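What you are looking at is a predicted structure, and each value in this text was computed from that prediction instead of being measured. Convention: sequence-line order gives letters A, B, ...; per-chain numbering from 1.
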Amino acid sequence: MVRELPEGRLSGRIVEAEGYPPGDPAGHHFRGPTPRNQSLFLRCGHVYVYFNYGMHFMLNISSERAGIGGGVLIRALEPLEGIELMQRHRKSTDLIDLTRGPGRLAAALRIDRTLDGLDLFSRGPLWIGVRVPEKSARHVAVKEPPAAVTVRIGITRAADKLFRFYERGNPFVSGPKRLLR
DNA sequence: AGTGCGATTGACT
DNA sequence: GTCAATCGCACTA
């Protein structure tokens, strides 16, 4: 995940996310489009930013064809670039909690509703890149990071669905210990 | 027009 | 472990 700001570039590896697919009663798109959630109905790859609990922004990415509601909540990053600026945004120097959790992540990247509706493919102020290894590893077997699947965090409806995905063992993943697998 | 609560976090016992 | 902060919005009437 790459955030471009006048002060510099911020980036991090996505290590935790949750799916909110079409028809999911826990999704904000479930009851149809409204002014708040219309970005979830844009073609996949658009940003939906939700202001939660009156104080935290949450970063989502639409995941379906145009007109179909669905999205992915980005819950945690492993910080890569611009760590000092992220620390200023978070008013904390604690590295492990810098982007661990959806609210912290959005604060660190200075994400708010002005980014709502943005097309991630447009290479604007926010986009997703593919990290290229420092050295060419074509002849080396690339090891896939171990993935784990659990129920989603902090929801009440469809609470049994296994739609949370994270990199096993990564210290930048959020959530209660009982969900660790 | 009024109301209850939410995809969380940080402070505190 | 508990709990307050804080507000936009969907829902009810």
* DNA chain B: A:R104 or A:L73, which has the more 5' nearest nucleotide? -> A:L73

* Structure fact -> A:L179 CG to B:dT8 P, in whole Å, measures 12 Å

* Considering only atom C1', compute the distance from C:dC3 to B:dC5 and round it to an integer number of Å. => 16 Å

* Base, sugar-phosphate, or nothing for A:R152, non-hydrogen atoms under 4.0 angstrom? -> nothing

* So, is A:H56 close to the B:dA7 phosphate, meaning a side-chain N or O under 4.0 Å from OP1 or OP2? -> no

* Structure fact -> Closest to the 5' end of DNA chain B, once A:Y50 and A:L105 are matched to their nearest nucleotides, is A:Y50

* Asked: Would you say C:dC9 has OP1 or OP2 under 4.0 Å from some side-chain N or O of A:T34?
  -> no

* Tell me which nucleotide among B:dA7, C:dC9, C:dC7 gets nearest to the side chain of A:F51. => C:dC7

* To do: Determine the contact category for A:T156: base if any of its heavy atoms lies under 4.0 Å from a base atom, sugar-phosphate if only primed atoms, P, OP1 or OP2 are that close, otherwise nothing.
  => nothing

* **More than 12 heavy atoms from other groups under 6.0 Å of CD on A:E84** => no

* **B:dG4 - base-pair partner by Watson-Crick or wobble geometry, distances under 3.5 Å** => C:dC9

* Asked: Touch check for A:R90, heavy atoms < 4.0 angstrom, all strands: base, sugar-phosphate only, or nothing?
  -> sugar-phosphate

* Would you check if there is a donor-acceptor pair between the side chains of A:Y48 and A:H28 at a distance under 3.5 Å? => yes

* May I ask you to say what A:M55 touches in the nucleic acid, namely base, sugar-phosphate or nothing, with a heavy-atom cut-off under 4.0 Å? => base

* Structure fact -> Separation of C:dA10 atom C1' from A:N52 atom CG, nearest Å, is 14 Å

* Asked: Taking CE from A:M58 and C1' from B:dC5, how many angstroms apart are they, rounded to a whole number?
  -> 14 Å

* **Gap between atoms CD1 and P, on A:I74 and B:dT8 respectively (whole Å)** => 14 Å

* If you group Ile, Leu, Val, Met, Phe, Trp and Tyr by side-chain heavy-atom gaps below 4.5 Å, do A:I153 and A:V151 land in one group? -> yes

* Determine, using the 4.5 Å side-chain heavy-atom cutoff (strictly less than), whether A:I128 and A:L59 are members of one ILVMFWY cluster. => yes

* Is there a donor-acceptor pair closer than 3.5 Å between any side-chain N or O of A:S174 and the backbone N or O of A:A76? -> no

* Would you say A:R157 reaches B:dG6's phosphate, i.e. side-chain N/O to OP1/OP2 under 4.0 Å? -> no

* Asked: Considering heavy-atom distances to DNA chain C, does A:Y53 or A:R113 have its closest nucleotide positioned more toward the 5' end?
  -> A:Y53

* **Protein-nucleotide distance (A:H28, atom NE2; C:dG8, atom C1'), rounded to Å** => 12 Å

* Rounded distance in Å - NE2 (A:H29) to C1' (C:dA10) -> 16 Å

* In terms of heavy-atom contacts, does CZ of A:R113 have more than 12 from other residues, nucleotides or ligands at under 6.0 Å? -> yes

* Asked: Within this structure, what is the CG-to-P distance between A:D94 and B:dA11, rounded to whole angstrom?
  -> 11 Å

* Asked: B:dA7 C1' sits how many Å from A:I61 CD1, rounded?
  -> 15 Å

